[in-house]
> 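What follows is a single structure, and I will ask about it in a moment.
Just so you know, these numbers use all the heavy atoms, side chains as well, and skip hydrogens, waters and symmetry mates. Note that the structure is a prediction, hence the values are computed from the model and not measured. Every chain is numbered from 1 and lettered A, B, ... according to where its sequence line falls, protein lines coming before strand lines.
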There are 2 protein chains.
Amino acid sequence: MKHSTQQRESILESLRMASGPLTPAEILEAARKRVPGMGIATVYRNLKLLLRSGLAREIALPGSSSRYELFNLEHHHHFQCRDCLQVYCLHGCPGGLHALTPEGFVLEEHEIVLYGRCAGCNLGYQ
Amino acid sequence: MKHSTQQRESILESLRMASGPLTPAEILEAARKRVPGMGIATVYRNLKLLLRSGLAREIALPGSSSRYELFNLEHHHHFQCRDCLQVYCLHGCPGGLHALTPEGFVLEEHEIVLYGRCAGCNLGYQ
DNA sequence: ATACTTGCAAAAGTTTTGCAGGTTA
DNA sequence: TAACCTGCAAAACTTTTGCAAGTAT
């Protein structure tokens with residue numbers, strides 16, 4: 001992460017603009033709007049660097065590639081719609097997770113994912 | 001899931017005996033102890049069937065293949081040790097997740113994963 | 001000038017699929 | 001026997017890597 005390049009800026013911009021965490025393919029698609037010839041290897045390489053430097057984090061969900069989001073937002077969790085598969089960011093956190101942690105274990109972080117139907121997809125079924 | 005075979009029984013047995021969710025490779029390794037020639041395609045095919053029939057569920061974690069566990073246990077969550085990468089099952093659930101769900105969304109399920117250091121790995125660092 | 005980055009293509013790794021042969025009910 | 005399953009190998013995907021050329025500092 002020493003140099004700033006068009007490609008890198010475009011990847012960061014795509015993550016900043018996103019309404020939720022993105023897959024590498026989604027990042028590439030978004031970033032190519034600003035830097036047409038960009039290759040997928042560049043996306044993967046930059047994501048690795050962002051993870052290593054603590055600027056981004058990875059969210060793994062069943063059924064698709066991991067998704068990535070910048071780590072500068074306030075602490076939050078995610079909701080995946082089972083219909084449209086979109087991932088939304090949520091506000092807040094239930095807390096109380098230390099109660100789940102076994103004796104002798106040290107809790108450093110946590111991730112919560114809710115699954116269900118988003119508002120848009122519910123409408124279609126009413 | 002119409003016929004019972006050695007391979008299928010051995011996969012189920014591996015999942016039953018496991019102390020946490022297993023990756024396909026871990027399932028194959030365990031199942032081969034009973035059915036030596038078993039192939040990885042059989043594991044994947046059976047996992048698909050188990051998922052489709054609701055007997056198993058998939059847990060996706062960053063950095064490795066998805067893990068699978070039988071869906072007959074009581075509701076619980078998981079802890080992954082960042083040192084040894086082992087995944088442990090936890091007891092209980094903090095609840096209060098409806099409060100996170102946005103207006104108009106329907107919450108059907110949820111998954112919580114804690115990350116940190118397990119008791120065994122903590123000892124090594126004291 | 002030097003170190004860093006990129007695109008491409010190849011390599012490595014994971015998951016799925018077609019098919020011929022074997023097994024279960 | 002009819003439907004189902006399996007192993008193998010190939011195919012389809014996803015992610016990583018080597019390298020030569022280009023770019024940022």
> Would you indicate which nucleotide in D/dC8, C/dT6, C/dT24 comes nearest to any side-chain atom of B/Thr5?
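Nearest to the side-chain atoms of B/Thr5, counting from C-beta on, is C/dT24.
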
> Of the options C/dT6, C/dT16, D/dT6, whose atoms approach the side-chain atoms of A/Gln7 most closely?
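So the side chain of A/Gln7 is nearest to C/dT6.
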
> Are A/Glu58 and A/Ser66 close enough that a side-chain donor and a side-chain acceptor fall under 3.5 Å?
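Yes, because at least one side-chain N or O of A/Glu58 sits under 3.5 Å from a partner of the opposite role on A/Ser66.
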
> Please answer whether the main-chain N or O of A/Gln6 pairs with a side-chain N or O of A/Glu9 as donor and acceptor at a distance below 3.5 Å.
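Flag not set: sc A/Glu9 to bb A/Gln6 has no pair under 3.5 Å.
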
> Indicate whether the side chain of A/His77 and that of A/His110 have a donor and an acceptor atom separated by less than 3.5 Å.
yes

> Distance check needed: C/dT14 P versus B/Glu58 CD, whole Å only.
15 Å

> Spell out, as yes or no, whether a donor-acceptor pair under 3.5 Å connects the side chain of B/Arg8 to the backbone of B/His3.
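Yes, because the side chain of B/Arg8 sits within donor-acceptor range (under 3.5 Å) of the backbone of B/His3.
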
> Specify the separation, in whole Å, of atom CG of A/Leu51 and atom C1' of D/dT16.
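Checked: the CG to C1' distance equals 14 Å.
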
> To the nearest Å, give me how far apart CG (A/Leu12) and C1' (C/dT5) are.
14 Å

> Within this structure, what is the CG-to-C1' distance between B/Asn46 and C/dT24, rounded to whole angstrom?
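That distance rounds to 14 Å.
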
> Within the pair A/Lys2 and D/dA24, is there a side-chain N or O less than 4.0 Å away from OP1 or OP2?
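Indeed not, no polar side-chain atom of A/Lys2 lies that close.
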
> To the side chain of A/Met38, which of D/dT17, C/dG7, D/dT6 is closest?
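Of D/dT17, C/dG7, D/dT6, C/dG7 is nearest to the side chain of A/Met38.
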
> Between A/His76 (side chain) and A/Glu74 (backbone), is there a donor-acceptor pair under 3.5 Å?
yes

> Given C/dT15, C/dT5, D/dT17, which nucleotide is nearest the side-chain atoms of A/His3?
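Taking heavy atoms from C-beta onward, the closest nucleotide is C/dT5.
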
> Starting the side chain at C-beta, find the nucleotide from D/dG18, C/dA25, C/dT5 nearest to A/Arg45.
D/dG18

> Rounded off to whole Å, could you give me the CD1-to-C1' distance for the A/Ile40 and C/dG7 pair?
12 Å

> Give the rounded distance in Å between these two atoms: CD1 of A/Ile27 and P of C/dT6.
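Value for this atom pair: 14 Å.
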
> Can you tell me the distance, in whole Å, between the CG atom of B/Leu50 and the P atom of D/dC5?
11 Å

> Starting at atom CG of B/Leu61, determine the distance to atom P of C/dT14, rounded to an integer number of angstrom.
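The answer, rounded to whole Å, is 16 Å.
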
> Between A/Arg32 and A/Leu49, which is nearer to the 5' end of DNA chain C once each is assigned its nearest nucleotide?
A/Leu49

